[in-house]
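Both counts, for ligands and for their atoms, begin at 1 and track the order of listing.
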Amino acid sequence: MEIFKEIAPLKAFLKEKATSAVGLVPTMGALHAGHLSLIEASKKENTLTVCSVFVNPAQFNNPLDLEKYPRTWEPDCRLLANAGCDVVFAPEVSTMYEQESIVTFDFGTLDKILEGQFRPGHFSGVALVVSKLFHIVNPTTAYFGQKDFQQFKIIEKLVAELKFNLTLKRMPIIREADGLAMSSRNRRLNEAERVHAALLYRSLCEAKKLLLRGEKIENVKEVVHKNFDALAHLKLEYFEWADTENLMPANSVSANTVLLIAAYVGEVRLIDNLLMHAN
Ligand code: AMP
């Protein structure tokens, strides 16, 4: 496995390889089985897989979240090597942002709703770093997780608007045994919080079941809010349902509806989602 910290040597390496199919898996490190499922998918479909490991300051609206974000470089390298990843790109902040960036992205309503309401500037920072990575690696296919559903929609728009010549793949959410969506932030949960964190997925499943039974959306929302109100150190930020195409609030629930949730468990903010037509 080749490890690059600088852009020019990585580009030279990729040029020399001149392989027909390069898969890119952008991550912020602190890797888990969710990330590795993206590597696995890329390996199946490409001759070369590049994983970027970069905690992107531009997408953190909360400085404490950036400071506390887990960084586990050595175990990450071992996991990537074992997974058969070919190339790791792990730049310093100064390499990706030579000067403070003045470029911002505006995705209209798409980056103002849901996560955007609680994390202003977040998706602009995501779009900025993902654009840089696409330019540097020039992948054939880039792999992202459904776990960050809104992020995927933003990147879809970015690719379409800026005419990046690549295919995007959205991969399913990998979960712990109790349903909690795997996340680097789960490492920050203490034992009790870790147990309670499963409430996000349990609530999504309960909501889906009630909606499939024909329960009114307003009543379902109340059930989910009550679930969270019952636990003092959990704070629900939103539970919403939206159209999978444009993420606009759905008038009625259909196969094209996605249920989305965000909540604080102690100090840790977690998100999850569930498609009405699948897991
Ligand atoms: P992150 O390191 O959190 O920025 O995530 C890097 C990529 O892994 C993103 O495309 C995420 O959506 C994806 N990812 C994170 N958690 C999971 C998971 N539990 N299952 C599948 N993909 C995930």
Practice task
Using distance alone, determine whether P26 and ligand 1 share an N or O pair under 3.5 Å.
Solution key: no
Exercise for the section: Compute the minimum heavy-atom distance from H35 to ligand 1 and say whether it is under 4.0 Å. Expected result: yes
Problem - Over-ring placement of K5 relative to W73, 6.0 Å and 45° cut-offs - result: yes
Problem - For the student: nearest non-hydrogen atoms of K153 and E156, plus distance - result: NZ-OE1, 3.1 Å
Problem - contact_flag H32 ligand 1 heavy-atom lt 4.0 Å - result: yes
Handout entry: K112 to F123 six-membered ring, cation-pi geometry met (6.0 Å, 45°)
Key = no
Completion exercise
Quick look: S183 vs ligand 1, heavy-atom contacts under 4.0 Å, and the answer is neither
Fill in the blank from the handout: If we number the atoms of ligand 1 from 1 as shown, the ones under 4.0 Å from a heavy atom of T27 are 2 (O), 6 (C)
Exercise for the section: Considering only non-hydrogen protein atoms, determine which one is nearest to atom 20 (N) of ligand 1 and report residue, atom name and distance to 0.1 Å. Expected result: I174 N, 2.9 Å
Fill in the blank from the handout: If you scan protein heavy atoms around atom 21 (C) of ligand 1, the nearest is P172 O, 3.3 Å
Handout entry: Short N or O distance, M28 and ligand 1, threshold 3.5 Å exclusive
Key = yes
Handout entry: Atom pair CG (L168) and OH (Y143), whose distance is rounded to the nearest 0.5 Å
Key = 10.5 Å
Exercise for the section: Could you tell me whether D148 and ligand 1 have an N or O pair separated by under 3.5 Å? Expected result: yes
Exercise for the section: Dump the intermediate steps for side chain to side chain donor-acceptor pair (under 3.5 Å) on N56 and Y97, then the final yes or no. Expected result: CA-CA 10 Å; N56 173 35; Y97 298 96; 2.5 Å; yes
Practice task
Compare every heavy atom of C85 with every heavy atom of T49, then report the nearest pair and how far apart it is.
Solution key: O-SG, 3.7 Å
Problem - Proximity to ligand 1 by part of V25, non-hydrogen separation under 4.0 Å - result: neither
Practice task
Consider every N or O of G145 and every N or O of ligand 1, then say whether any pair is closer than 3.5 Å.
Solution key: yes
Handout entry: Enumerated ligand 1 atoms positioned under 4.0 Å from heavy atoms of F144
Key = 10 (O)
Practice task
Consider ligand 1: state whether an atom of it lies below 4.0 angstrom from any non-hydrogen atom of A30.
Solution key: no
Practice task
Among all protein heavy atoms, pick out the one at the shortest distance from atom 3 (O) of ligand 1; state its residue, atom name and that distance to 0.1 Å.
Solution key: Y69 OH, 3.8 Å
Handout entry: Electrostatic pair D178:R202 at N-O distance under 4.0 angstrom
Key = no
Problem - F164/F134 aromatic ring centres below 6.0 Å - result: yes
Exercise for the section: Take Q146 and N273, measure what side chain to side chain donor-acceptor pair (under 3.5 Å) needs, and give me the verdict at the end. Expected result: CA-CA 8 Å; Q146 181 200 313; N273 64 79; 2.7 Å; yes
Practice task
Would you tell me whether N227 and E206 have side-chain atoms, one donor and one acceptor, within less than 3.5 Å of each other?
Solution key: yes
Exercise for the section: Before signing off on this row, confirm whether M182 and ligand 1 have an N or O atom pair separated by under 3.5 Å. Expected result: yes
Problem - Proximity flag F54 to ligand 1, non-hydrogen atoms under 4.0 Å - result: no
